[in-house]
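Here is the structure we will look at.
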2 protein chains.
Amino acid sequence: MTTETKKARGRPRVFDPDEALDKALQIFWNRGYEGASLAELTETLGVNKPSLYAAFGNKEELFMKALSKYVQGPAAFVREIVNEPTAHAVAKRFLYQAAEFLTQSSHPKGCMIVQGALSGGESAEMIKSVLMEYRAGYEKLLTQRFEQAKADGDLPSDANPAALAKYLAMLHQGMSVQATSGASEEELKTVADLALSVWPKA
Amino acid sequence: MTTETKKARGRPRVFDPDEALDKALQIFWNRGYEGASLAELTETLGVNKPSLYAAFGNKEELFMKALSKYVQGPAAFVREIVNEPTAHAVAKRFLYQAAEFLTQSSHPKGCMIVQGALSGGESAEMIKSVLMEYRAGYEKLLTQRFEQAKADGDLPSDANPAALAKYLAMLHQGMSVQATSGASEEELKTVADLALSVWPKA
DNA sequence: ATCTTTTTGTAACAATTGGTATATTAATTA
DNA sequence: TAATTAATATACCAATTGTTACAAAAAGAT
């Protein structure tokens with residue numbers, strides 16, 4: 001039930017916008033916002049600049065749309081993790097899935113939300129803050145989940161939900177750097193096990 | 001006993017190379033390699049481009065010299081940490097000093113070796129790999145220290161030095177991202193305490 | 001006072017950046 | 001078939017990227 005291909009007015013598109021956006025995502029993913037040039041984008045998408053602008057807007061908007069596809073696609077699993085039955089299961093699945101995801105060779109290594117625009121020039125300021133908010137977002141998601149776990153007695157009464165969430169977020173962000181530097185899934189999972197052995201018991 | 005200001009031939013320099021390099025370091029530190037433009041560099045150093053090139057070489061060489069100043073200056077403490085008497089003391093001081101250093105407001109937040117060039121275009125490839133080597137370098141330093149600790153009986157015989165070192169490196173790299181995103185020293189130290197409670201006892 | 005030597009300032013360089021104007025092409029609708 | 005609509009391709013745009021030629025300037029050496 002995708003959007004019905006009704007009567008196509010005017011000259012038909014020579015590219016599939018969804019495929020093109022996916023390729024744009026790949027480029028932004030391993031080059032970052034500033035590192036991805038319009039030249040490389042148009043070249044590998046097979047779409048010339050006017051068509052690209054007509055379809056997605058300027059570079060910033062294109063990045064935002066690629067980012068949106070990222071969080072709803074490959075990185076969507078993060079949102080589901082909080083549904084695990086226990087806080088420990090949440091933590092374990094978070095780190096394990098991160099180790100797998102960040103090292104997969106079917107797409108760029110590392111996390112786009114971490115590496116997309118950590119530093120950069122003035123022109124990346126907007127994107128930098130957007131990514132910061134995303135990072136704060138999933139950390140908050142974890143915090144809330146652990147607050148609930150604490151209320152449920154699933155975490156001890158002296159547990160610190162915010163600290164536990166930041167611990168996981170920090171490990172995830174470090175994993176992202178490590179994955180970009182060539183660390184393997186196994187190495188990251190070994191560290192994940194180590195990191196999890198700290199987990200407070202109810 | 002600095003280099004004796006002997007007979008100065010030719011027109012005298014209008015800037016102090018060491019001060020200038022320090023300002024360049026600050027810029028690279030919070031903009032990254034690609035995010036720092038020659039325009040911003042010359043502007044805030046108060047040195048015009050020909051003089052900058054004569055003194056330091058091109059942008060890449062300038063970055064390398066700034067990086068060298070970074071590891072020998074503000075980030076030099078890392079090398080000393082392995083001299084702590086126990087593995088646990090090494091780990092604790094590593095994370096604590098990281099928490100302090102990465103959040104200090106007297107200089108850019110985060111670690112230059114982490115954020116200097118994580119992603120980026122083709123032209124940053126060299127710098128990216130240099131920074132990767134630096135990261136691998138301090139991780140290896142920790143690994144060796146923990147191998148020795150294991151031999152000394154300071155770590156249990158089933159301890160995994162490489163995993164412990166990667167755990168710390170990962171936390172440091174995550175801390176760097178967190179610091180850039182506005183996390184405070186206290187928050188990072190709270191997480192450091194949590195992270196340290198995993199440490200194997202001899 | 002002239003000659004070196006070195007740095008400075010201006011001004012330019014080619015290449016690349018993100019972004020568009022314009023005219024052509026290809027489809028549907030009338 | 002003519003009119004309309006929309007996407008295409010080429011070619012351009014101003015601004016910025018890193019880098020350098022060149023001539024003027026400021027010092028010591030002769």
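Numbers restart at 1 for each chain; the letters A, B, ... are given by sequence-line order, proteins then strands.
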Rounded interatomic separation in angstrom, taking [atom1] from [X] and [atom2] from [N]:
X        : N      : atom1 : atom2 : answer
A/Leu52  : C/dT20 : CG    : P     : 12 Å
B/Lys49  : C/dG9  : NZ    : P     : 14 Å
A/Phe56  : C/dG18 : CZ    : C1'   : 17 Å
B/Phe15  : C/dG9  : CZ    : P     : 10 Å
A/Leu38  : C/dG18 : CG    : P     : 5 Å
A/Asn48  : C/dT25 : CG    : P     : 15 Å
B/Arg11  : C/dT8  : CZ    : C1'   : 4 Å
B/Glu122 : C/dT17 : CD    : P     : 11 Å

Q | Touch class at under 4.0 angstrom, heavy-atom based, for B/Pro50 against every strand present | A |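 B/Pro50: base contact, heavy atoms under 4.0 Å.
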(Q) Salt bridge or not between B/Arg135 and B/Glu139? Use side-chain N to carboxylate O under 4.0 Å. (A)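 Not counted as a salt bridge, because no side-chain N and carboxylate O are separated by less than 4.0 Å.
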Q) Is a side-chain donor or acceptor of A/Thr143 paired with a backbone partner of A/Ala165 at a separation under 3.5 angstrom? A)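 A pair under 3.5 Å: no.
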Q.
So does A/Ala159 get a backbone contact from the side chain of A/Lys150, meaning a donor-acceptor N/O pair under 3.5 Å?
A.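 Flag set: sc A/Lys150 to bb A/Ala159 pair under 3.5 Å.
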(Q) I want to check one thing: is the phosphate of C/dG18, taken as OP1 and OP2, less than 4.0 Å away from some side-chain N or O of A/Lys59? (A)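 Checking A/Lys59 against C/dG18: at least one side-chain N or O falls below 4.0 Å of OP1 or OP2.
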Q | Presence of A/Asn58 side-chain N/O under 4.0 Å of C/dG18 phosphate oxygens OP1/OP2 | A |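 Answer no for this pair, as no side-chain N or O of A/Asn58 is under 4.0 Å from OP1 or OP2.
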Q) Considering only C/dT17, C/dG9, C/dG19, which nucleotide approaches the side chain of A/Ser37 most closely? A)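 Of the candidates, C/dT17 comes closest.
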Q) Does any non-hydrogen side-chain atom of A/Tyr96 lie less than 4.5 Å from one of A/Asp193? A)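 The answer is yes; the side chains approach within 4.5 Å.
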Q: Grab the two heavy atoms, one from B/Asn30 and one from B/Pro108, that are nearest each other, plus how far apart they are.
A: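 Answer, listing the atom of B/Asn30 first, then B/Pro108: CB-CB, 3.5 Å.
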Q: Locate the shortest heavy-atom distance separating B/Ala87 from B/Leu155; write the atom from each residue and the value.
A: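 Smallest heavy-atom distance, with atoms named: CB-CG, 3.8 Å.
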Q. Which of these passes salt bridge (Lys or Arg N to Asp or Glu O under 4.0 Å) with B/Lys189: B/Glu187, B/Glu186, B/Glu185?
A.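 Looking at B/Glu187, B/Glu186, B/Glu185, the match for B/Lys189 under the salt bridge (Lys or Arg N to Asp or Glu O under 4.0 Å) is B/Glu185.
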Q: Give me the first and last nucleotide of DNA chain D, going 5' to 3', that has any atom under 4.0 Å from a heavy atom of chain A.
A: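 Going 5' to 3' along DNA chain D, contacts run D/dT5 to D/dT10.
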Q: Specify the residue among B/Ala36 and B/Gly10 whose closest nucleotide of DNA chain D lies further upstream toward the 5′ end.
A: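 Per heavy-atom nearest nucleotide, the more 5' residue is B/Ala36.
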